[in-house]
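No experiment lies behind these values; they were computed from the predicted model shown. The figures here come from the full heavy-atom set of this structure, side chains too, leaving out hydrogens, waters and symmetry mates. Letters go in sequence order (proteins before strands), and every chain restarts at 1.
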There are 2 protein chains.
Amino acid sequence: MNEQDFLAAYDPRDYPAVAVTVDVVALTIRDGALHLLLIRRAAPPYAGHWALPGGFVRPDEDLAAGARRELAEETGLGGERLRRVHLEQLATYGGLDRDPRMRVVSVAHLAFAPDLPDPVAATDADDAIWLPVTALSSRQLAFDHGRIIDDGLERARSKLEYTPLATRFLEPEFTITELRAVYETVWGHPLHAGNFHRKVLSVPGFVESTGASTERGGARGGPRAKLYRAGDARLLHPALLRPAREETVR
Amino acid sequence: MNEQDFLAAYDPRDYPAVAVTVDVVALTIRDGALHLLLIRRAAPPYAGHWALPGGFVRPDEDLAAGARRELAEETGLGGERLRRVHLEQLATYGGLDRDPRMRVVSVAHLAFAPDLPDPVAATDADDAIWLPVTALSSRQLAFDHGRIIDDGLERARSKLEYTPLATRFLEPEFTITELRAVYETVWGHPLHAGNFHRKVLSVPGFVESTGASTERGGARGGPRAKLYRAGDARLLHPALLRPAREETVR
DNA sequence: CGAATAGTGTCTCTTAGACAGTATGCA
DNA sequence: TGCATACTGTCTAAGAGACACTATTCG
């Protein structure tokens, strides 16, 4: 049998049906707290439970396109604002009993977005919200989405260390203090303002000055801050390491 | 429709057929060079081309189990030796035209193994070899496996920086010089012997002494080296960073 | 004016890396 | 005996983090 005959005789239905979905762990920062995009499922399985936005991959889109489509559907975002959202593949979850319907393999993605409008529930959901991640523990999540979220949060914390992706939580122009607030929010503890400031400016390509400053000082006083935009570095050298956590090492 | 009715009425065949495969980028060190496990495909598509070991995920195994099975089939490994091989998920590749037969989503894995016997071709292959990665450029690889291998090699180089996984390329007991050889081989450039030695011993939990030494000194002279085994650290603190590569940062 | 904040200076401690030096064991 | 190698000592430069200080702006 040559290659052409083989392809002609080939029937995909001979293989066991596996469904492939994409799920999105979308993070943003609102009111100084890290928030996560969740939908409430309208249909079984897990109807009424909170879940990550996601769904079956369509025949005409690759995995990243599917994830971006799901994100667009739930956030109502499009165009330039959607394109500015950072999206990366997180990991793939393929346990045997993830979904009671059939074997479902889910390719999870991770998204970083600046503060966005309240989401609108798409057809497969009856509600959609930005939920503070601190409120997660009390929620019953569908499927293994709790595990996926944990992995996404850890990836996010780690990515801030060695990439400039913290800037993706901010508007194109930002102050060093706003950037520090992103780190403090994602890592969950305060950083030394002076040392952070010097460190950020010393890493080549992390930020570049716009020459401008904010219109006003801080709400409770203080000078106007200089404005920066993201630089051209894709990795931070040297990295901004999280304060060492002995526990997590072993 | 309640949840039970829904599940009863649910027909998986309503969804477009997507196949899910696992592929394995298996690395080992032979004769001081980094080697990669490749098979030569016996059947179309890409019959006769070299490819990563892999195949369809079976209904009764999760993704990691599928990857370990594929690895076992091609290496002939089993039991304790197989269990000692480090295996982690790498990334998932789901481009539209990866496979001419149908939509195939492949979950790639990365494996680190000590020097193993020559592989034996399994049923779906007519040859299997450990190929030095330096010889890759001249080979025509099936599917998008060249891209997957590139990603795997970069992940391997990066993992040596902040995890103790270099020890997985070695037998359970090893010398610091052997460990240094792993780093030099994977990173592709020489390291300073004295500084490396001190650094490894100074990272908590990286290696622990067995109390024993090698039977003989080096082939060309020198004292006997002390033997170590892997410690209990899962992350290296502080990390062993590769010499900075300005080019790759931007 | 008082308080909060942006940004800088300086000191200390740790680490990376260069280099040198000693002891060991093979040919 | 000569040489390669295991391992340790020491110095320097860079970076992390603590602390102090100045300047600016809001209420």
Q: Would you kindly compare B/Pro223 and B/Ala239 by the position of their nearest DNA chain C nucleotide and give the one closer to the 5′ end?
A: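 Nearer the 5' end of the strand: B/Ala239.
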
Check the phosphate of [N] against [X], side-chain N and O only, distance under 4.0 Å to OP1 or OP2. Yes or no?
X: B/Arg224; N: C/dT24; result: no
X: A/His197; N: C/dA6; result: no
X: A/Arg216; N: D/dG27; result: yes

Using whole Å, report how far [atom1] of [X] lies from [atom2] of [N].
X: B/Leu236; N: C/dT15; atom1: CG; atom2: P; result: 14 Å
X: B/Glu215; N: D/dT5; atom1: CD; atom2: P; result: 20 Å
X: A/Leu179; N: C/dT5; atom1: CG; atom2: P; result: 17 Å
X: B/Leu191; N: C/dA16; atom1: CG; atom2: P; result: 13 Å
X: A/Arg198; N: C/dC11; atom1: CZ; atom2: P; result: 13 Å
X: B/Arg180; N: D/dC7; atom1: CZ; atom2: C1'; result: 11 Å
X: A/Leu201; N: C/dT8; atom1: CG; atom2: P; result: 7 Å
X: B/Arg242; N: C/dA16; atom1: CZ; atom2: C1'; result: 17 Å

Q: Measure from the side-chain heavy atoms of B/Lys199 and tell me the nearest of C/dG17, C/dG25, C/dT15.
A: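 Of all the options, the side chain of B/Lys199 is nearest to C/dT15.
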
Q | Nearest listed nucleotide, side chain of B/Asn195, among D/dA6, D/dA23, C/dC19 | A |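 Given the options D/dA6, D/dA23, C/dC19, the side chain of B/Asn195 is closest to C/dC19.
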
Q: Using the closest heavy atom to pick a nucleotide of DNA chain D for each, name whichever of B/Lys226 or A/Leu241 lands nearer the 5' end.
A: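 The residue whose closest nucleotide sits nearer the 5' end is B/Lys226.
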
Q.
Both A/His192 and A/Pro238 contact DNA chain D. Which one's nearest nucleotide lies toward the 5' end?
A.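 Nearest-nucleotide comparison on DNA chain D picks A/Pro238.
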
Q.
Do B/Arg84 and B/Leu77 have side chains that approach each other closer than 4.5 Å (heavy atoms only, starting at C-beta)?
A.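 No, their side chains stay 4.5 Å or more apart.
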
Q: Nearest 0.5 Å please: distance from the OG1 atom of A/Thr185 over to the CZ atom of A/Phe169.
A: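 A/Thr185 OG1 to A/Phe169 CZ: 9.0 Å, rounded to 0.5 Å.
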
Assign [X] to base, sugar-phosphate, or nothing according to its heavy-atom contacts below 4.0 angstrom with the strands shown.
X: A/Ser202; result: nothing
X: B/Gly194; result: base
X: A/Thr177; result: sugar-phosphate
X: B/Ala193; result: nothing
X: B/Gly217; result: sugar-phosphate

Q. Does anything in residues 206-217 of chain A pair up under side-chain hydrogen bond (donor to acceptor under 3.5 Å, both in side chains), and if so which pairs, sequence neighbours excluded?
A.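 Every side-chain hydrogen bond (donor to acceptor under 3.5 Å, both in side chains) pair that includes a residue of residues 206-217 of chain A, provided the two are not neighbours, is A/Glu208-A/Arg229.
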
Q.
Would you call the rings of A/Tyr183 and A/Phe206 parallel, tilted or perpendicular, taking 30° and 60° as the class edges?
A.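 Answer is perpendicular, since the angle exceeds 60°.
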
Q: State whether A/Lys226 and A/Glu173 are salt-bridged, where the test is any N-O pair (Lys NZ or Arg NE/NH1/NH2 against Asp/Glu carboxylate O) under 4.0 Å.
A: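 No, this pair does not count.
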
Q | salt_bridge(A/Arg155, A/Asp151) N-O dist < 4.0 Å | A |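 Looking at A/Arg155 and A/Asp151, the cut-off is not met.
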
